[in-house]
Amino acid sequence: MNVLRRVMCSQFANKVTRQCFIPKHRSSLDRQYSNSRLNILGIETSCDDTGCAIINGNGKVLSEVVHSQNLVHLRYGGIIPDIAQDLHRIHIEPTVSKTLDKANLTMEDITAIAVTLKPGLPLSLAVGMKYAKHLGRRYNKPIIPIHHMQAHALVARMHHDISFPFLVLLISGGHCLLAVVQDVDHFQLLGESMDCAPGEVFDKVARRMKLRNVPEFSKLSGGQAVEAAAAKATNPHMFKLPLPLSEYKDCNFSLNGLKTSVLYHLHRKEVEHKIVAHELIPEVNDLCAAMLMATTRHLVHRTRRAMVFCTENNLIPENCKQLVVSGGVACNNYIFSALQMLCNETCYDIYRPYPKLCTDNGVMIAWNGFEKWKKGLDITTDFSTLDIEASSPLGESLIHQVRDAKISTKMMKIKSSI
Ligand code: KG4
Ligand code: ZN
């Protein structure tokens with residue numbers, strides 16, 4: 001059995017499954033939030049997935065539908081905003097109708113509409129916002145504006161007993177950041193990506209490696225394909241890749257250099273093997289493993305520093321240290337297992353949402369709307385105040401304070417067989 005595959009089969013992987021699927025606090029949450037007439041409709045169109053879901057007053061998902069554009073964009077080798085918008089326009093109405101039908105509800109039964117307004121692709125965000133406003137006006141329902149990254153962070157509370165405050169690592173195709181979540185509406189940003197996000201790197205490199213030409217990878221996202229290829233590696237130490245930002249004592253992320261190194265090795269091997277057209281280099285699995293390990297090392301290194309900063313500044317209580325990992329890349333079992341090792345060492349509990357709730361979906365938007373509704377936050381019937389924002393920082397920035405603290409952290413050895 002190769003080294004990376006062993007990770008999936010280890011005790012950690014079992015623990016991951018247990019932690020992910022036992023809703024420990026369901027009954028207390030039910031009591032706390034019980035409201036038989038509350039139904040929140042969530043709409044997500046920030047990127048290439050048209051998502052919709054309904055959550056009732058007990059915090060229970062009544063229905064959910066996601067229309068994914070993944071296969072279309074795979075053909076084009078990346079998300080084309082105009083095409084994403086056209087597909088959202090085509091699918092938004094049927095997706096919302098199907099969600100209502102599945103829950104056996106009509107718009108009359110909906111209490112409020114939660115919709116992603118930031119950050120994201122403007123053309124995509126606009127479709128969700130316009131449709132939410134149309135529904136709001138037609139059926140006289142209030143709208144709850146949602147920040148996409150806040151929704152990714154908070155959805156972990158739906159199935160896990162996670163109290164405020166907690167540390168969150170958000171890793172997706174568009175973002176990479178570390179933050180402390182003090183409350184539903186209070187986020188403290190500790191570090192963010194200075195160039196590209198991990199999912200973006202996996203997607204671009206997977207395409208350049210031609211992983212799509214391997215039949216078993218042909219329908220997977222770049223990140224999924226990289227994880228699957230890495231699991232087949234026979235020599236994950238063949239390629240040496242640098243640890244990004246090792247000299248910078250902050251919690252920011254940079255993956256551009258790593259991506260360039262991987263592309264350099266790929267090109268070198270293609271020349272060496274005289275690779276043509278649709279062929280892949282024979283070492284493709286080992287190169288994927290090396291990239292995955294290097295990315296993981298970087299994520300773990302920055303997260304460790306964030307944990308020290310939180311302790312030194314009393315941001316997270318010593319008796320309740322929790323790390324949430326969310327966003328599409330959180331589906332990656334190798335990355336999650338490495339973070340779990342870090343958490344074992346630092347006495348943190350670690351959580352992630354179900355895989356289908358890590359990637360973009362309507363449930364996380366409806367859940368965020370539900371949490372905001374309970375606290376009376378951001379609910380409006382004045383739709384003229386609502387607009388989309390392509391980029392939007394997550395809460396108050398503590399990035400300078402983190403940098404000024406100059407915290408040295410030891411490197412955790414990330415083995416290919418965690
Ligand atoms: O959160 P998400 O659905 O969309 C954004 O907000 O970006 O994340 C999508 C990203 C894609 O780049 C995809 O390649 C990556 O998540 N992803 C993965 C895995 N599953 C999805 N990356 C690594 N390992 C995975 N298993
Ligand atoms: Zn996302």
Side-chain angles (χ1 to χ4, degrees), residues 4-5 7-8 13 16 20 42-51 66-71 73-74 77-79 81 84 116-121 124-125 128 146-156 168-177 192-193 196-209 211-212 217 219-231 255 259 288-289 291-296 298-299 324-339 352-365 367-368 390-392 394:
L4 277 166
R5 188 186 293 279
V7 174
M8 321 295 178
V16 169
C20 281
I43 296 177
E44 157 64 31
T45 63
S46 69
C47 192
D48 59 341
D49 292 312
T50 316
V66 177
H67 177 271
S68 173
Q69 305 174 5
N70 184 32
L71 289 180
H73 296 297
L74 267 178
I79 295 165
T116 310
L117 291 191
K118 60 185 181 183
L121 298 174
S124 294
L125 287 167
I146 302 294
H147 188 294
H148 181 82
M149 301 313 290
Q150 295 183 1
H152 266 307
L154 292 168
V155 74
V168 68
L169 172 67
L170 293 179
I171 39 180
S172 71
H175 297 269
C176 191
L177 59 87
E192 63 186 350
S193 170
C196 38
E200 182 187 348
V201 172
F202 293 151
D203 292 344
K204 285 191 175 144
V205 173
R207 177 171 165 73
R208 178 64 185 78
M209 285 174 167
L211 289 181
R212 263 188 76 204
F217 302 154
K219 294 198 169 140
L220 302 182
S221 68
Q224 288 170 319
V226 166
E227 181 173 22
L255 289 169
K259 183 180 80 183
C288 283
M291 174 168 64
L292 186 50
M293 278 193 288
T295 307
T296 304
H298 183 42
L299 296 174
V324 167
V325 192
S326 191
V329 180
C331 294
N332 190 290
N333 288 325
Y334 180 78
I335 293 175
F336 190 72
S337 297
L339 288 164
R352 64 173 163 175
Y354 294 143
K356 72 173 182 179
L357 296 184
C358 283
T359 49
D360 290 351
N361 62 85
V363 173
M364 68 184 197
I365 307 306
W367 175 262
N368 199 163
S391 60
S392 168
L394 186 81

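In each ligand, atom 1 is the first atom listed, and ligand 1 is the first ligand listed. Residue indices begin at 1 and follow the sequence shown.
A donor-acceptor pair shorter than 3.5 Å can be found between the side chains of H148 and D360.
Using a 4.5 Å heavy-atom cutoff, the side chains of I335 and I171 are in contact.
Take the Zn ion (ligand 2) and draw a sphere of radius 2.8 Å; the protein N/O/S atoms inside it number 3.
Annotation for ligand 1: atoms under 4.0 Å from non-hydrogen atoms of G199 are 12 (O). Interface of S172 with ligand 1, defined as ligand atoms under 4.0 Å from a residue heavy atom, comprises 1 (O), 5 (C), 6 (O), 7 (O), 8 (O). Atoms of ligand 1 found under 4.0 Å from any heavy atom of T359, numbered from 1 in the order shown, are 3 (O). Close approach of ligand 1 to F202 is summarised as follows: ligand atoms under 4.0 Å from at least one heavy atom of the residue are 22 (N), 23 (C).
At a 4.0 Å heavy-atom cut-off, ligand 1 touches E227 through the side chain alone. Using a 4.0 Å cut-off between heavy atoms, H148 contacts ligand 1 through its side chain alone, with no backbone atom that close.
At the top of the distance list for atom 22 (N) of ligand 1, counting protein heavy atoms only, stands G223 CA, 3.3 Å. In terms of protein heavy-atom proximity, atom 3 (O) of ligand 1 is nearest to D360 N, 2.9 Å. The protein atom (non-hydrogen) at minimum distance from atom 10 (C) of ligand 1 is G173 N, 3.6 Å. In terms of protein heavy atoms, atom 21 (C) of ligand 1 is closest to G328 O, 3.5 Å. What sits closest to atom 14 (O) of ligand 1 on the protein, heavy atoms only, is D203 OD1, 2.7 Å.
Among the atoms of N332, some N or O lies under 3.5 angstrom from an N or O of ligand 1. Considering both main-chain and side-chain atoms, G327 never comes within under 3.5 Å of ligand 1 through any nitrogen or oxygen pair. Taking only nitrogen or oxygen atoms, main chain and side chain alike, D49 does not reach within less than 3.5 Å of ligand 1.
Of all non-hydrogen atoms in C358 and S326, the two that sit nearest each other are CA-OG, 4.5 Å. Between T359 and C331 the shortest heavy-atom distance is CG2-SG, 4.2 Å. Residue L299 comes nearest to C176 through the heavy atom pair CD2-SG, 3.8 Å, listed as atom of the first residue, atom of the second, then distance. Nearest heavy atom pair, residue C288 against residue V226, reads CB-O, 3.8 Å. In this structure, F202 and L292 approach most closely via the heavy-atom pair CZ-CD1, 4.0 Å. Closest approach of G327 to S172, counting heavy atoms only: CA-CB, 4.2 Å.
Under a 4.0 Å heavy-atom criterion, H152 is in contact with ligand 1. At least one heavy atom of G174 lies less than 4.0 angstrom from ligand 1.
Comparing L292, V201, I335, V329 against atom 15 (C) of ligand 1, the shortest heavy-atom distance belongs to V329.
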Open item on the list: Pair N361, D49 - check side-chain contact (heavy atoms from CB on, under 4.5 Å), show working.
Closed with: CA-CA 7 Å; N361 62 85; D49 292 312; over 6 Å; no
